[in-house]
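Here, residue 1 is the first one in the sequence, and each next residue gets the next number. Counting starts at 1 for both ligands and their atoms, in listed order. Here the structure is a predicted model, which is why all the values come from computation and not from measurement.
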Amino acid sequence: MNAGKKQIHLGAHFPGVNNTTVWSDPAAGSQTDFASFAHFAHFAQNAERGLMDFVFLAEGLRLREHRGRIHDLDVVGRPDTFTVLNALAAVTTRIGLAGTINTTFNEPYELAAQFASLDHLSGGRAAWNMVTSSDAFTGENFRRGGFLPREQRYERAAEVVAVTRAFWDSRGSEVVHRGAHFDVRGGFPLPPGPQGHPVLIQAGDSAQGRDFAAATADAIFTLHGTLEAGQAFYADVKARLPQYGRSAADLTVLPGVTFVVGDTDADAAEQAARIRREQVSPQTAIAFLEQVWGRDLGEYDPDGPLPDVDPDVDNIDITRGRVRHARDPRAVAQEWREFAAAHGGLSIREVVIEKTGRQSFVGAARTVAAQMDEFVQADACDGFILVPHLTPGGLDRFVDEVVPELQDRGSYRAAYTGPTLRHHMGLRHPHAPLSRKESA
Ligand SMILES: Cc1cc2nc3c(=O)[nH]c(=O)nc-3n(C[C@H](O)[C@H](O)[C@H](O)COP(=O)(O)O)c2cc1C
């Protein structure tokens, strides 16, 4: 290992309910077996073989609906996060186990107990991706309707984390908290887990979300995955840390990225084009367009031009239960039209493929490794959360071919150097003095 070189951190996002997962590929597992433990185990064990920091589960508390019907291929659903991660703890030994759990719909006590239990059972490998999504559609599951106005989501999230940490730190003593959202006077039945606090990840992109990450999180999961956008995001969030008494090394920046590894660069490019077309079927292209336009566009030909009509900005909920990252729909529509024209008059499907389906890294293993390393060394990020397109084997080729290239470059560990996820990520134990910061 090159002692002076910045080391790459990798997480592995389990592909299932998201639009980049391809089920039609002969190499994909069966969609109806999606929730079988064999899929999760295969995926996590391969991530561990690749010496990655953690395996990652996203969360959706309700299946997305598009124009009143279950969205696209979401019917496969998601088994409960803690059940899956606790089971994975038994078939892996080193890899971190990261679960996305909402701070809007859960109570600090149960979160503290669930994550502390996962940390104990796994020998210090638990991580919590704290999300704040609070749309009314999801809220219906909790009989709270549109529970929490947008501006209060991070206020509640900060309080959830404060109370949860108080439980983790209590070591048998009384926990007393009085705040806007919680009034707790109690006690916690578990000693701190091996990590003291499970690793905390944050994934919202608003200014409030970034501040919450800077104040609280050990890692931030972002969609700013290109070199330039990554560098701007990286500088922004790292600059927010000092005001919370923290330094740049306390927050690991991990964009979610997609990849295609081929025999040669040309082979990978060919595969990438095929995969993008599988990810964006004609029906999917129209559904994407309807999400931006807020209108029924079922009459439009996916192989024809973009609609002349403007988006209906009052109807942004045409897809319910989706996490919205979109900006002003009119601006997006205008940008897409200009993009189509600038590229010789692209069709609806071609525009959607280019705008939503482009893979982050495409090439032979050596090329992919070189590009990833360049991003990390150029401070566009500290590593990546890999989002493969195949369940369950989407990591296999990356582990077999790209990981050794990263190791040869001196940017990636040759073995795990400690037992806990905090060790893998180079994070200090929360109960240790500042001078004892360990490195990966
Ligand atoms: C990369 C990324 C991944 C996310 N994953 C999830 C998820 O799995 N489940 C979820 O409910 N929200 C998820 N979110 C939503 C955010 O955590 C957050 O609730 C949402 O973006 C709104 O917050 P904001 O206004 O700060 O962006 C994700 C966001 C980002 C950027």
**Q** For ligand 1, which atoms, with element, lie under 4.0 Å from some heavy atom of S206?
**A**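 So the atoms of ligand 1 that pass are 24 (P), 25 (O), 26 (O), 27 (O).
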
**Q** Please enumerate all residues that pass side-chain contact (heavy atoms from CB on, under 4.5 Å) together with A180, with sequence neighbours excluded.
**A**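 Checked A180 against side-chain contact (heavy atoms from CB on, under 4.5 Å); matches are E155, E159.
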
**Q** Considering only heavy atoms, does Q202 approach ligand 1 within less than 4.0 Å through its side chain, its backbone, both, or neither?
**A**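 Under 4.0 Å from ligand 1, Q202 contributes no heavy atoms.
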
**Q** Quick one: does any side-chain atom of Q231 pair with a main-chain N or O of A378 as donor and acceptor, under 3.5 Å?
**A**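 Yes; at least one donor-acceptor contact below 3.5 Å.
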
**Q** Under 4.0 Å from a heavy atom of R150: which atoms of ligand 1 are those, numbered in the order shown and with their elements?
**A**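 Those of ligand 1 that fall under 4.0 Å from R150 are 25 (O).
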
**Q** Going by the angle between their ring planes, with limits at 30° and 60°, are F384 and F361 parallel, tilted or perpendicular?
**A**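 If you compare the ring of F384 with that of F361, the planes turn out perpendicular.
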
**Q** Do H343 and F339 have their ring centres less than 6.0 Å from each other?
**A**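 Ring centroids of H343 and F339 are less than 6.0 Å from each other.
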
**Q** Within the 4.0 Å heavy-atom shell around A58, which atoms of ligand 1 are there?
**A**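 Every atom of ligand 1 under 4.0 Å from some heavy atom of A58: 8 (O).
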
**Q** Test your reading of the structure: does N102 have an N or O sitting under 3.5 Å from an N or O of ligand 1?
**A**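 There is no such contact.
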
**Q** Heavy-atom contacts with A203 under 4.0 Å: which atoms of ligand 1 show up? List them by number with element.
**A**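 Heavy-atom distances to A203 below 4.0 Å select 2 (C), 3 (C), 4 (C), 16 (C), 17 (O), 28 (C), 29 (C), 30 (C), 31 (C).
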
**Q** Mark yes or no for whether N86, through its side chain, and F82, through its backbone, hold a donor-acceptor pair below 3.5 Å.
**A**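 Between the backbone of F82 and the side chain of N86 there is a qualifying donor-acceptor contact (under 3.5 Å).
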
**Q** Side chain, backbone, both or neither: which part of R153 comes within less than 4.0 Å of ligand 1 when only heavy atoms are counted?
**A**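 Answer for R153: side chain.
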
**Q** Students often mix this up, so state it plainly: with edges at 30° and 60°, are the rings of F40 and F14 parallel, tilted or perpendicular?
**A**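 Judged by the thresholds at 30° and 60°, the geometry between F40 and F14 is parallel.
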
**Q** Looking at K238 and D250, does any basic side-chain N land under 4.0 Å from a carboxylate oxygen?
**A**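 Here K238 does not pair with D250 in a salt bridge, since their nearest N and O are not under 4.0 Å apart.
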
**Q** Is there any N or O on T222 that sits under 3.5 Å from an N or O of ligand 1?
**A**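 It does not: no N or O of T222 is found under 3.5 Å from an N or O of ligand 1.
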
**Q** Nearest non-hydrogen atom to atom 6 (C) of ligand 1 belongs to which of V387, L254, D205, V131?
**A**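 Nearest option to atom 6 (C) of ligand 1, by heavy atoms: V131.
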
**Q** Which of the numbered atoms in ligand 1 are below 4.0 angstrom from a heavy atom of F221?
**A**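 Those qualifying, in numeric order: 1 (C), 3 (C).
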
**Q** Could you pull out, from L223, L61, L57, T103, the option with a heavy atom nearest to atom 1 (C) of ligand 1?
**A**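 Comparing heavy atoms across L223, L61, L57, T103, the nearest one to atom 1 (C) of ligand 1 lies in L223.
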
**Q** Does any N or O of ligand 1 fall below 3.5 Å from an N or O anywhere on S133, backbone included?
**A**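 Yes.
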
**Q** Among all residues two or more places apart in sequence or in another chain, which pass the side chain to side chain donor-acceptor pair (under 3.5 Å) test with R246?
**A**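 Partners of R246 under the side chain to side chain donor-acceptor pair (under 3.5 Å) test: none.
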
**Q** One residue to check: T100. Relative to ligand 1, which of side chain, backbone, both or neither has a non-hydrogen atom less than 4.0 Å away?
**A**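 Under 4.0 Å from ligand 1, T100 contributes side-chain atoms alone.
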
**Q** Would you indicate which of H224, H13, E59 comes nearest to atom 9 (N) of ligand 1 when only heavy atoms are counted?
**A**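 When every heavy atom of H224, H13, E59 is considered, E59 comes closest to atom 9 (N) of ligand 1.
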
**Q** State plainly whether the residues R409 and D373 are in salt-bridge range, i.e. N to O under 4.0 Å.
**A**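 Yes.
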
**Q** Classify the ring geometry between W168 and F115 as parallel (under 30°), tilted (30 to 60°) or perpendicular (over 60°).
**A**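 Ring orientation of W168 relative to F115: perpendicular.
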
**Q** Give the atom numbers and elements of ligand 1 that come within less than 4.0 Å of a heavy atom of Y154.
**A**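 Counting atoms of ligand 1 from 1, those under 4.0 Å from Y154 are 23 (O), 24 (P), 26 (O).
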
**Q** Below 4.0 angstrom from a heavy atom of T132, which ligand 1 atoms are there? Numbered from 1 as shown, please.
**A**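 In order of number, 18 (C), 19 (O), 23 (O).
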
